[in-house]
Visitor: 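Just passing along the structure, written as structure tokens.
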Protein chains: 2
Amino acid sequence: MEPIAQPAQGIENGDCPGLAYDVFARSCPSRGTLEHVTGRWGALTLGALHDGSFRFNELRRRVDGVSEKMLSQTLHALERDGLVHRDAQATNPPRVDYSLTPLGRDVAERLLTLIRFVEGRMDEVLVARERYDGARA
Amino acid sequence: MEPIAQPAQGIENGDCPGLAYDVFARSCPSRGTLEHVTGRWGALTLGALHDGSFRFNELRRRVDGVSEKMLSQTLHALERDGLVHRDAQATNPPRVDYSLTPLGRDVAERLLTLIRFVEGRMDEVLVARERYDGARA
DNA sequence: CGGTATCCTATTAGATACTG
DNA sequence: CAGTATCTAATAGGATACCG
């Protein structure tokens with residue numbers, strides 16, 4: 001099994017230079033967690049789970065485009081960081097439900113504030129892109 | 001024809017299926033912008049610029065660990081999305097100042113709310129990790 | 001100073017096949 | 001259903017050299 005996304009240089013388990021955790025310092029473990037939270041699939045997975053509890057394949061459909069492998073990897077990383085709760089029932093067929101922990105909910109809320117803001121301003125972004133691209137052509 | 005594996009550029013310029021921009025839809029351009037904002041270097045660069053205006057190499061020192069190449073690439077993407085303003089003076093030696101646009105400031109604020117929250121809860125995350133790793137050993 | 005260009009490696013991601 | 005294993009392709013990232 002592939003290891004849960006860990007930056008190669010031991011960033012994830014590094015120490016923080018100062019008194020508090022500082023993502024701007026390259027060896028701070030908060031940088032690794034921030035990457036799990038804001039990463040391509042981490043952000044969308046947390047966002048999807050903010051709506052409730054979902055099974056693996058339900059989640060896969062909600063996070064449009066994610067592969068089994070990446071969803072699995074993402075969920076493991078978020079579970080390890082204490083943001084996602086995994087409830088597995090040993091029935092046949094198996095049933096596994098994923099939900100946010102209280103900490104995960106707090107993170108997802110702040111993340112969704114950002115996501116919704118970006119979505120709401122996409123028109124401006126698209127205009128800016130046209131201006132940028134036009135100036136270079 | 002639906003390209004199964006869409007490169008980042010394809011996603012970036014894709015159309016949205018519904019009425020609003022929805023990052024959960026794989027072809028929505030908002031997903032690309034969200035990735036610029038929350039990406040490894042994008043998030044840290046926006047966060048650094050929230051403190052004010054900085055020159056290229058000042059920024060490089062603030063975003064600990066970023067290479068010239070990645071900072072350059074990140075700044076271009078954020079400038080294109082209308083989040084960063086680039087002020088180049090044709091002096092010798094050249095002087096270029098980077099700052100946030102009003103839209104970039106709004107994005108950075110919401111991003112920093114998330115970053116600071118994660119930093120402030122790292123102790124809990126680290127405890128969760130130990131529990132997770134311990135249960136598997 | 002503020003970058004670009006090039007080359008090369010590491011990491012990520014996807015497709016596919018398979019299992020309890 | 002809920003994944004894991006394996007292989008391969010695409011992308012991100014780093015090192016170095018160079019330029020206006």
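Throughout, protein chains are lettered first and strands after them, A, B, ... in sequence-line order, and every chain is numbered starting at 1. Values below: every heavy atom of this structure, side chains too, minus hydrogens, waters and symmetry copies.
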Visitor: When you get a sec, tell me which of D/dC1, D/dG14, C/dG2 is the closest nucleotide to the side chain of A/Pro94?
Guide: D/dC1
Visitor: Atom CG of A/Asn57 and atom P of D/dT4: how far apart are they, to the nearest Å?
Guide: 13 Å
Visitor: When you check the phosphate oxygens OP1 and OP2 of C/dG2, does a side-chain N or O of B/Arg95 lie under 4.0 Å from one of them?
Guide: no
Visitor: In whole Å, what is the span from the CD atom of B/Glu79 to the P atom of C/dG3?
Guide: 10 Å
Visitor: A/Phe56 CZ to D/dG3 C1': how many Å, rounded?
Guide: 6 Å
Visitor: From C/dG2, D/dA2, C/dT4, pick the nucleotide closest to the side chain of B/Arg55?
Guide: C/dG2
Visitor: Rounded to the nearest angstrom, tell me the gap between atom NZ in B/Lys69 and atom P in D/dT16.
Guide: 14 Å
Visitor: Is any side-chain nitrogen or oxygen of A/Tyr98 closer than 4.0 Å to OP1 or OP2 of D/dC1?
Guide: no
Visitor: Can you tell if the side chain of B/Thr38 reaches within under 4.5 Å of the side chain of A/Ile115, non-hydrogen atoms only?
Guide: no
Visitor: Mark yes or no: B/Arg136 above the aromatic ring of B/Tyr132, with NZ or CZ under 6.0 Å from the six-membered ring centre and no more than 45 degrees from the axis.
Guide: yes
Visitor: Quickly work out the A/Met70 CE to D/dT8 P distance and round it to whole Å.
Guide: 19 Å
Visitor: Rounded to whole angstrom units, what separation is found between the CZ atom of A/Arg60 and the P atom of D/dG3?
Guide: 12 Å
Visitor: When you measure from the side-chain N and O atoms of B/Arg40 to the phosphate of D/dG13, is any distance below 4.0 Å, counting only OP1 and OP2?
Guide: yes
Visitor: Around atom CD of B/Glu58, are there more than 12 heavy atoms from other residues, nucleotides or ligands closer than 6.0 Å?
Guide: yes
Visitor: Give a yes/no on whether any side-chain N or O of A/His76 is located under 4.0 angstrom from OP1 or OP2 of D/dT4.
Guide: yes
Visitor: Rounded to whole Å, please give me the gap between CH2 in B/Trp41 and C1' in D/dG13.
Guide: 9 Å
Visitor: With the side chain counted from C-beta on, respond yes when A/Asp87 and A/Val96 share a heavy-atom pair under 4.5 Å apart, and no when they do not.
Guide: no
Visitor: C/dC7 C1' sits how many Å from B/Glu68 CD, rounded?
Guide: 16 Å
Visitor: Please work out if A/Arg86 contacts a base, only the sugar-phosphate, or nothing of the nucleic acid, heavy-atom cut-off 4.0 Å.
Guide: sugar-phosphate
Visitor: Looking at side-chain heavy atoms only, is the closest gap between B/Leu126 and A/Thr33 below 4.5 Å?
Guide: no
Visitor: Is any side-chain nitrogen or oxygen of B/Ser72 closer than 4.0 Å to OP1 or OP2 of C/dT4?
Guide: yes
